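To start, the structure itself, in structure tokens.
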Amino acid sequence: MVSTLITNIGELVTNDPAAGGLGVVRDAALVMDGGTVAWTGPAAAAPAADESFDAAGRAVLPGFVDSHAHLVFAGERAEEFAARMSGEKYAAGGIRTTVERTRAASDDDLRANLRRLIGEMARQGTTTVECKSGYGLTVEQEERAVRIAAELADEVTYLGAHVVPAEYRDDAAAYARLAATDMLSACAPHARWVDVFCEEGAFDADQAREILQAGVKAGLSPRLHANQLTQGPAVRLAVELDAASADHCTFLSDADVDALASSRTVATLLPGVEFSTRQPYPDARRLLDAGATVALATDCNPGSCYSSSMAFCIAVAVRDMRMTPAEAVWAATAGGARALRRTDVGHLAPGARADVHVLDAPSHIHLAYRPGVPQTHAVWKAGRRVR
Ligand code: NIG
Ligand code: FE
């Protein structure tokens, strides 16, 4: 692989923890070599490389880390969205519509849809993607979903406990047991994470604990859909299990906020969901002021949020969740890496994966300042140009 020098960077966002905040370097350059960052610093001191790319004063960021997405599915639910916008409430049961479509799809159709969405994300600057199963809900179908996800996504999560499928309607406990035993055993070889939708209408805290603990025994690490629709016990369960992330965090008690703030569990906020379900936004300011670590992710899925845009999440988080532009950009890059317990992505320092996002703007602030405007100029993932 040839080395590449990106020069004339107006603002380089490094997320260097020693510098604090975004670790911005002005008039900077960056060299990537063999898939990793080899050098960063002032443009005037940059070493030579095989190729060079003139950023012409643009801002350069670490690629976005989208730490929460559901991308192995077939079909869509535009009519359900339209019904919500005329007053229907979002409910977990809508997931079953996508389960029917997904079960009927071929491997190649699922693969093609996943490739399409990961490509759509890359073209918008997302270079690390977490992908969950959860629209199969049989042993064979969940195994197929995590296996296909593992072909294309950076991080794979087993979410057999997404909702109780129709055929188990009268015996949810039996389905939870299946998710903690045979289904888990079939899926664990393809996944790194185990997740449960712990919510009214999905799985309760006891079921979630059992499935997550079984997942840990099978070598997986826990993360959790927590407090999306109600102020339930899921956030505290996530902290109790030292989950990498508690995702959604829309309805939080003071005890939930305190628990997150005194833990390693990241609060991953998914503002596209509140946008697309017309729910109140999570209170990012309250979490940040308490000392919790906050990440932003899309939750891209055909039901609660069919957006793959991290820039959109940033804009909403700044406008409606009282995050500063710098906090939101950090949450969409370093925060996502934290939520996935990854140290190689979400920042730009020598040794980091060369995931580089050149904005068509002079500053990271433009991501929130110019909402809805495509601002991705060029993208490298592990040193390979993807846009
Ligand atoms: O994270 N809440 C659970 N799962 C997804 C929604 C899935 C769907 O509606 O299809 C979420 O919002
Ligand atoms: Fe989700």
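In what follows, residues are counted from 1 in the order of the sequence shown. The structure presented is a predicted model; accordingly, all values stated were derived computationally and were not measured. Remember, it's 1-based here, ligands and their atoms both numbered in the order they're listed. Keep in mind that the numbers below use all heavy atoms, side chains included, and drop hydrogens, waters and symmetry copies.
Taking the six-membered ring where the residue is Trp, H225 and H162 present tilted rings, their angle falling between 30° and 60°.
Counting only heavy atoms from C-beta outward, the side chains of L348 and V13 never approach each other to under 4.5 Å. With contacts defined as side-chain heavy-atom distances shorter than 4.5 Å, the pair C249/L269 qualifies.
Applying the ring pair (Phe, Tyr, Trp, His ring centres under 6.0 Å) test to H364 and every residue at least two apart in sequence or in another chain returns nothing.
When the shell of 6.0 Å around CD of E151 is examined, it contains more than 12 heavy atoms from other residues, nucleotides or ligands. At most 12 non-hydrogen atoms from other residues, nucleotides or ligands lie less than 6.0 angstrom from CD of E100.
Between the CZ atom in R342 and the CZ atom in R353 there is a gap of 5.5 Å [rounded to 0.5 Å].
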One pair per line, please: each N/O atom of ligand 1 matched with every protein N/O atom under 3.5 Å away, atom names first, then the distance to 0.1 Å.
unit_1   : atom_1 : unit_2 : atom_2 : d
ligand 1 : 1 (O)  : H70    : NE2    : 3.4
ligand 1 : 1 (O)  : H225   : NE2    : 3.0
ligand 1 : 1 (O)  : H248   : NE2    : 3.0
ligand 1 : 1 (O)  : D299   : OD1    : 3.1
ligand 1 : 1 (O)  : D299   : OD2    : 2.6
ligand 1 : 2 (N)  : Q228   : OE1    : 2.6
ligand 1 : 4 (N)  : H162   : NE2    : 2.7
ligand 1 : 9 (O)  : R77    : NH2    : 3.0
ligand 1 : 9 (O)  : Y90    : OH     : 2.5
ligand 1 : 10 (O) : R77    : NH1    : 2.7
ligand 1 : 10 (O) : R77    : NH2    : 3.4
ligand 1 : 10 (O) : Y135   : OH     : 2.6
ligand 1 : 12 (O) : Q228   : NE2    : 3.4
ligand 1 : 12 (O) : D299   : OD2    : 2.9
ligand 1 : 12 (O) : S304   : OG     : 2.6

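The hydrophobic side chain of L159 is isolated, with no ILVMFWY side chain under 4.5 Å apart from it.
Taking 2.8 Å as the limit, the number of protein N, O or S atoms around the Fe ion (ligand 2) is 4.
The side chain to side chain contact (heavy atoms under 4.5 Å, CB included) test with H70 is passed by exactly one of T157, I95, N301: N301.
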